[in-house]
Protein chains: 2
Amino acid sequence: MGRWEPDSKGRLQAAALELFVEHGYEQTTVADIAARSGVTERTFFRYFADKREVLFEGTAVLQATVVEHIASAAMDLTALEIVGEAMAATGEIIGQRREYSQLRQTAIAANASLQERELLKLAALAAAAAHALRDRGVGEPTASLAAEAGVAVFKIGFERWIADEPTGSGEPVDIPSSLGDSIRSALLTLRSIAAA
Amino acid sequence: MGRWEPDSKGRLQAAALELFVEHGYEQTTVADIAARSGVTERTFFRYFADKREVLFEGTAVLQATVVEHIASAAMDLTALEIVGEAMAATGEIIGQRREYSQLRQTAIAANASLQERELLKLAALAAAAAHALRDRGVGEPTASLAAEAGVAVFKIGFERWIADEPTGSGEPVDIPSSLGDSIRSALLTLRSIAAA
DNA sequence: TCATCCATGTCAGAAGATGACATCACGCTA
DNA sequence: TAGCGTGATGTCATCTTCTGACATGGATGA
């Protein structure tokens, strides 16, 4: 057995989410998170640049997935179709962990500074998507606008998917639509709005 | 003469922008800003909830203007047309202070935590726009999507307007397009993207 | 003239964040 | 198997942001 318990980072992430949901983000100190994880405060800040970042580990993977989908999309699609489908396809992956997504989103929704961080990550996602489009030869401002629209569609699709089926007791009456489908539906709505 | 120099708040805002541009946001402490303004640190935090907020006083007015435009728009327009024109009209106002806008944007572009705050303000703007649309009878998700699209168009239009004419010396060769027109142009591009 | 108001100052302290240095199990190599 | 380097973690000190409690003293109006 090692000198310390393994996976400090994972324990910190789990403890943070629990505490944020239980007591709220501001009421939870980094010392609390560290204590529950059996490490010191200093160790927390070695793994995460700041207190918020502990909830945003996954966004790098998400962004990479979106970029890959854009890079490998069929050539006969429009910029918006490419980004929209990349978002939807990525949504299929995230959508597999509905419960976790919901807990995390609850914590974020309850605190403005977590929302700020989330918005920054989404802005980075939009920038990366725009870059990936440009690499395919899409010009500006088309690339940036399509990327922003894609992120908007992701946001709305995600919101509605989370709100869809409350975590309450009782049997699910309907199978909730997948996150990917929710995003695709938002894309269709956006296109009809713009077409009118 | 009063006991103190008048307009502490204004002095703090001016000093903060100067110092952020001169030395950067992180290198500037609240104590620095307060000292240059001839007040104490504590006074800074009486006027501004946190260090970032000193750059975001104007966004409340901006939001109110957008909401008014949406509320008073003609009845025969689509949701996207309404939001787009509200953004463009508001842009005409902001566009009057190009130099200030540029300095402020320079400071924000150089620091992630200022970008976070800006994104939060834009998200609030989107939420307010969506609310104003709903008050006109626009349903969901149309209202939210049109609002997000409107903010995207504002962002891109603003970016391109700022980048348009560098602040260099020499005579301006072309009259730079107005911010409002830049936003209208972004809206047209978005619609053509979505239509394809 | 006096009361009271209010912008600002003073002081103390919690929490977030960071640099410098210490510790010590583990595994490699001689 | 003795010794050595490595890397994850601990310890300590310090700075900055932000907040609460209370003090001060010109301005204002009864």
Side-chain angles (χ1 to χ4, degrees), chain A residues 1-57 107-108 110-118 120-121, chain B residues 1-57 107-108 110-118 120-121:
Chain A
M1 195 183 84
R3 185 173 174 192
W4 295 284
E5 291 295 309
D7 196 22
S8 295
K9 189 171 185 175
R11 271 178 293 136
L12 285 165
Q13 289 171 323
L17 181 54
E18 287 168 21
L19 289 167
F20 292 169
V21 169
E22 277 176 39
H23 310 307
Y25 172 80
E26 296 195 344
Q27 280 59 51
T28 304
T29 70
V30 173
D32 293 336
I33 301 169
R36 180 173 293 204
S37 310
V39 297
T40 62
E41 236 177 296
R42 193 66 184 84
T43 292
F44 180 97
F45 285 111
R46 284 204 179 89
Y47 284 110
F48 307 105
D50 60 49
K51 185 181 166 187
R52 302 170 207 172
E53 203 62 20
V54 70
L55 282 189
F56 294 89
E57 180 77 0
I108 293 174
N111 181 269
S113 64
L114 289 175
Q115 287 161 44
E116 288 186 327
R117 182 55 50 86
E118 168 126 299
L120 188 68
K121 299 296 186 183
Chain B
M1 195 182 84
R3 184 175 175 191
W4 296 283
E5 291 294 309
D7 196 22
S8 295
K9 188 172 184 175
R11 272 178 293 136
L12 285 166
Q13 289 170 323
L17 181 54
E18 287 167 22
L19 289 167
F20 291 169
V21 170
E22 278 175 40
H23 310 306
Y25 173 81
E26 294 194 344
Q27 280 58 49
T28 304
T29 69
V30 173
D32 294 335
I33 301 168
R36 179 172 293 203
S37 310
V39 298
T40 61
E41 235 178 292
R42 192 67 183 83
T43 292
F44 179 97
F45 286 110
R46 285 205 178 88
Y47 284 110
F48 307 105
D50 59 50
K51 185 182 166 188
R52 303 172 206 172
E53 201 63 18
V54 70
L55 282 189
F56 294 87
E57 179 77 359
I108 293 173
N111 183 268
S113 65
L114 289 175
Q115 288 161 42
E116 288 186 329
R117 181 56 48 84
E118 169 127 298
L120 188 68
K121 299 296 186 182

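Quick note: numbers below take in every heavy atom, side chains included, and nothing from hydrogens, waters or symmetry partners. Just so we're on the same page: letters track the sequence lines, and every chain starts at 1.
- Not counting sequence neighbours, the partners of E53(B) by the side chain to side chain contact (heavy atoms under 4.5 Å, CB included) test are F48(B), D50(B), F56(B), R117(B), K121(B).
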Validation: residues 13-26 of chain B side-chain donor-acceptor distances under 3.5 Å, sequence neighbours left out:
from, atom 1, to, atom 2, distance (Å)
E18(B), OE1, R36(B), NH1, 2.7

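- For the pair K9(A) NZ and dG7(D) P, the computed distance is 17 Å after rounding to whole Å.
- Contacts between residues 16-36 of chain A and DNA chain C, defined by a heavy-atom separation under 4.0 Å, are made by T28(A), T29(A), V30(A).
- Taking every heavy atom of residues 43-51 of chain B and every atom of DNA chain C, pairs under 4.0 Å involve T43(B), R46(B), Y47(B), by number.
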*Which is it for F44(A) and V54(A) under the side chain to side chain contact (heavy atoms under 4.5 Å, CB included) test, yes or no, and what are the steps along the way?*
CA-CA 9 Å; F44(A) 180 97; V54(A) 70; 3.9 Å; yes
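- Remark: the backbone N or O of T28(B) is paired with a side-chain donor or acceptor of K51(B) at under 3.5 angstrom.
- Protein atom CG of N111(B) is 12 Å distant from nucleotide atom P of dT17(D), rounded to whole Å.
- R46(A) and E41(A) are not joined by a salt bridge, as no carboxylate oxygen comes within less than 4.0 angstrom of a charged side-chain nitrogen.
- Partners of S37(A) under the side-chain hydrogen bond (donor to acceptor under 3.5 Å, both in side chains) rule, at least two apart in sequence or in another chain, do not exist in this structure.
- Axis angle, first five pairs versus last five pairs of the helix from dT1(C)-dA30(D) to dA30(C)-dT1(D): 0°, rounded to 10°.
- Taking 4.0 angstrom as the limit, T40(A) places none of its side-chain polar atoms (N or O) nearer than this to OP1 or OP2 of dT9(D).
- Listed here is the closest heavy atom pair of N111(A) and L114(A): OD1-N, 3.0 Å.
- Remark: P of dT16(D) and CD of E41(B) are 9 Å apart, rounded to the nearest angstrom.
- Here the nucleotide nearest the side chain of R42(A), chosen from dC24(C), dT8(C), dT18(C), is dT18(C).
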